[in-house]
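Given the structure is predicted, the values throughout are model-derived calculations rather than measurements.
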Amino acid sequence: MKKKIGIIVIGIAVITIIVVCIILFTDFGQKVRSDVYEKYGMEKEIVNIEKQKDIKVTYHYGSSNVGFETKITDENIINKVINSISNRELNNETKAGIMLYITGKYEVDFGNNIVMKFDGYYDDGYVKISNKEKEFITQINPQVLKEIVEIIDTKLTENAKMFHTKKITVMDAKNKSIDITRKTAVEYILHECKDIGTKKADTKEIQNKLRYKINFNNGIEIIQYEETEQGSLMKDGVQYEAYGLEALDRIFELAFYDSDQKDKIFSTNKIIIESPSKTIQITDKDIIEKITTPIVYSDLQERDYISNRDITEEYKYAIKVKINEYELLVSDKNGTYTMGDRYIIYPDKTRKMYFLLNDIENYINELLYK
């Protein structure tokens, strides 16, 4: 009898250990812990919003407090936004960690001291809600946020039409000047210009050190300064304060990083795209330009562990984009082979990691498997 009881106790102990391990160390266990915490351990918040004829949305340019306001009057959208928040048990996820930090690029005012804020990366649906004197972070349907973003984007796109050009000349603090004429690069800059806002200039001059002087060759010139969120914009001889200029930093940094040399290296009239199952040849000038421009405006980094790593498997199963004597390795989504690091292989078989202006993996896969 004692022997049977001992076996039962050992069995229970083993089962308990297995269950604990599953809960602590598996994705399923993580989901169970999250569900239990969400249901029983997370503080709940209730927000009551009265029916509105319109809601005010404020958009902030870049990291500044300068922006513009617009009113949403579409009843269907208003109801969707309010119903996603009002009279619901909202999880208070304020203590969930630094990853939920929200600055409030978009700010939705419901009146009665109730405000919802969210940022440009809204796909996870996280928002910050100020309910009178209490502020907390919660999660709602991201589709609701997308509709707000689309309304704002329409106005941003309209405002950015003034920057339209085919050539952008940039000078840095060392008086080095470059011309950006590649169509894809110009389109990238014009898209980022949607986040540039202006207001009437103060009479006081900015004394900060020059970062970039940007001439759109259409009557518009921008001066960006170091260590300040404010720059200057000249349009047809009239000066304005400019905000959100940091949106252009990435491409200008890459443009001054050997882009002239890379422009010569990757100039071609033929690209070969090759996977283990298929090979195609690209000769269309526009398609070639869309592929090569992000490489011209890229960061190619030399690292010892990349040079010494065995990449036999990556070379065998990844997609190879062959440009002149260079090869970029790209994830093969049709063959379900995902790259970890990204490599560019030089003619002498040395290699570097690449960080492109725009991710071209999806585009390469579409071209290969369409």
Is there a donor-acceptor pair closer than 3.5 Å between any side-chain N or O of Asn208 and the backbone N or O of Thr228? no
Considering only heavy atoms from C-beta outward, does the side chain of Ile287 approach that of Tyr363 to under 4.5 Å? yes
Please assess Ser84 against Asn141 for the test side chain to side chain donor-acceptor pair (under 3.5 Å), listing each intermediate value before the final yes or no. CA-CA 7 Å; Ser84 68; Asn141 183 355; over 6 Å; no
Please report the interatomic distance CD1(Ile78) to CD1(Ile72), rounded to the nearest 0.5 Å. 7.0 Å
4.5 Å side-chain heavy-atom contact, Tyr257 and Ser298: no
Distance-only donor-acceptor check, side chains Thr312 and Asp310, under 3.5 Å: yes
Can you confirm if the aromatic rings of Tyr106 and Tyr59 lie within a centre distance of less than 6.0 Å? yes
Phe266 side chain near Ile291 side chain, heavy-atom distance below 4.5 Å: no
Check whether any side-chain heavy atom of Thr292 sits under 4.5 Å from a side-chain heavy atom of Ile271, and report yes or no. yes
NZ/Lys235: more than 12 non-hydrogen atoms of other groups inside 6.0 Å: no
What I'd like to find out is whether the side chain of Arg250 reaches to under 4.5 Å of the side chain of Tyr188, using heavy atoms alone. yes
N-O pairing of Glu241 and Lys200 below 4.0 Å: no
Quick check on Lys53: does its NZ atom have over 12 non-hydrogen neighbours (other residues, nucleotides or ligands) under 6.0 Å away? no
So how far is it from Ile214 CD1 to Leu245 CG, rounded to the nearest 0.5 Å? 6.0 Å
Walk me through whether Lys167 and Asp179 qualify under side-chain contact (heavy atoms from CB on, under 4.5 Å). CA-CA 7 Å; Lys167 175 183 175 182; Asp179 288 328; 3.6 Å; yes
Connecting only ILVMFWY residues whose side-chain heavy atoms lie within less than 4.5 Å of each other, what is the rest of Met339's hydrophobic cluster? Tyr305, Ile306, Ile311, Tyr315, Tyr317, Leu329, Tyr337, Tyr343, Ile345, Met353, Phe355
Going from CD1 on Ile102 to CE on Met116, what distance comes out if it is rounded to the nearest 0.5 angstrom? 10.0 Å
Is the shortest side-chain heavy-atom distance between Lys117 and Val115 below 4.5 Å? yes
Output yes when a side-chain donor or acceptor of Glu45 lies under 3.5 Å from a complementary backbone atom of Glu43, and no otherwise. no
Nearest 0.5 Å, please: how far is CD1 in Ile251 from NE2 in His191? 12.5 Å
What do the steps show when you test Leu90 against Ile46 for side-chain contact (heavy atoms from CB on, under 4.5 Å), and what is the final call? CA-CA 6 Å; Leu90 301 173; Ile46 303 291; over 6 Å; no
Strictly distance-based, threshold 3.5 Å: is any side-chain N or O of Asp153 a donor or acceptor partner for the main-chain N or O of Val149? no
How far apart are the C-alpha atoms of Glu246 and Ser63, what are their side-chain angles, what is the distance that settles it, and do they pass the side-chain contact (heavy atoms from CB on, under 4.5 Å) test? CA-CA 8 Å; Glu246 62 268 29; Ser63 57; 3.0 Å; yes
Looking at Asp74 and Ile77, would you say the former's side chain and the latter's main chain have a donor-acceptor pair under 3.5 Å? yes
Sorted by first residue and then second, give each salt bridge (charged side-chain N to carboxylate O under 4.0 Å, His left out) pair with at least one member in residues 322-334; sequence neighbours left out. Glu274-Lys322, Lys322-Glu327
Hey, quick one: are Tyr212 and Phe163 part of the same hydrophobic cluster, counting side-chain heavy atoms closer than 4.5 Å, chains of contacts allowed? yes
Distance from Gln301 atom CD to Arg342 atom CZ, nearest 0.5 Å? 14.0 Å
Apply salt bridge (Lys or Arg N to Asp or Glu O under 4.0 Å) to residues Arg211 and Glu253 and explain how you reach the verdict. CA-CA 11 Å; Arg211 181 171 175 78; Glu253 287 170 1; 3.0 Å; yes
Are more than 12 heavy atoms from other residues, nucleotides or ligands located less than 6.0 Å from atom NZ of Lys166? no
Around Glu89, counting heavy atoms of other residues, nucleotides and ligands shown, do more than 12 lie under 6.0 Å from its CD? no
Quick check: are there more than 12 heavy atoms from other residues, nucleotides or ligands sitting under 6.0 Å from CG of Asp304? no
Evaluate the side-chain proximity of Ile129 to Ile137: yes if any heavy-atom separation is below 4.5 Å, no if none is. no
Salt bridge present between Glu302 and Arg351 (N-O < 4.0 angstrom): no
Pair Val186-Thr184, side-chain contact (heavy atoms from CB on, under 4.5 Å): steps then yes or no: CA-CA 6 Å; Val186 172; Thr184 301; over 6 Å; no
Quick one: do the Glu135 and Ser130 side chains pair a donor with an acceptor below 3.5 Å? yes
Answer with yes or no whether the hydrophobic clustering places Met162 together with Ile168; edges join I, L, V, M, F, W, Y residues whose side-chain heavy atoms lie under 4.5 Å apart. yes
Begin with the C-alpha distance, continue with both residues' side-chain angles, and end with the deciding distance and a verdict on ring pair (Phe, Tyr, Trp, His ring centres under 6.0 Å) for Tyr326 and Tyr346. CA-CA 5 Å; Tyr326 295 79; Tyr346 282 64; 5.2 Å; yes
Between Gln224 and Asp249, do the side chains contain an N or O donor and an N or O acceptor separated by less than 3.5 Å? yes
Are Lys132 and Ile114 packed together at the side-chain level, in the sense that at least one heavy-atom pair is separated by less than 4.5 angstrom? yes
Assess whether a salt bridge exists between Asp341 and Arg309, defined as any Lys/Arg side-chain N lying under 4.0 Å from an Asp/Glu carboxylate O. yes
Closer than 4.0 angstrom, basic N to acidic O: yes or no for Asp195 and Lys105? yes
Short side-chain to backbone donor-acceptor contact, Thr165 and Phe216, under 3.5 Å: yes
Under 3.5 Å: donor-acceptor pair, side chain of Gln139, backbone of Asp124: yes
Scan side-chain atoms only and decide if Thr73 and Asp54 contain a donor-acceptor pair under the 3.5 Å cut-off. no
Short side-chain to backbone donor-acceptor contact, Asp109 and Val57, under 3.5 Å: no
Is there a donor-acceptor pair under 3.5 Å between the side chain of Asp258 and the backbone N or O of Tyr297? no
Less than 3.5 Å apart, any donor N or O on the side chain of Asn334 or Ser275 sitting next to an acceptor on the other? no
Distance-only, no hydrogens or angles: does the Asn91 side chain make a donor-acceptor pair with backbone N or O of Glu93 under 3.5 Å? no
Going by distance alone, is a donor N or O of one side chain under 3.5 Å from an acceptor N or O of the other, for Gln261 and Asp263? no
Any link between Ile189 and Tyr61 through a network of hydrophobic side chains (Ile, Leu, Val, Met, Phe, Trp, Tyr) touching at under 4.5 Å? no
When rounded to the nearest 0.5 angstrom, what distance separates CG in Asn48 from CD1 in Ile85? 12.0 Å
Answer with yes or no whether the side chains of Asn92 and Lys44 bring together a donor and an acceptor at under 3.5 Å. no
CD/Glu50: more than 12 non-hydrogen atoms of other groups inside 6.0 Å: no
Salt bridge (charged side-chain N to carboxylate O under 4.0 Å, His left out) contacts in which one or both residues fall within residues 286-295, not counting sequence neighbours: none
Do Tyr243 and Glu229 have side-chain atoms, one donor and one acceptor, less than 3.5 Å apart? no
Within a 6.0 Å radius of atom CG on Asp348, are there more than 12 heavy atoms belonging to other residues, nucleotides or ligands? yes
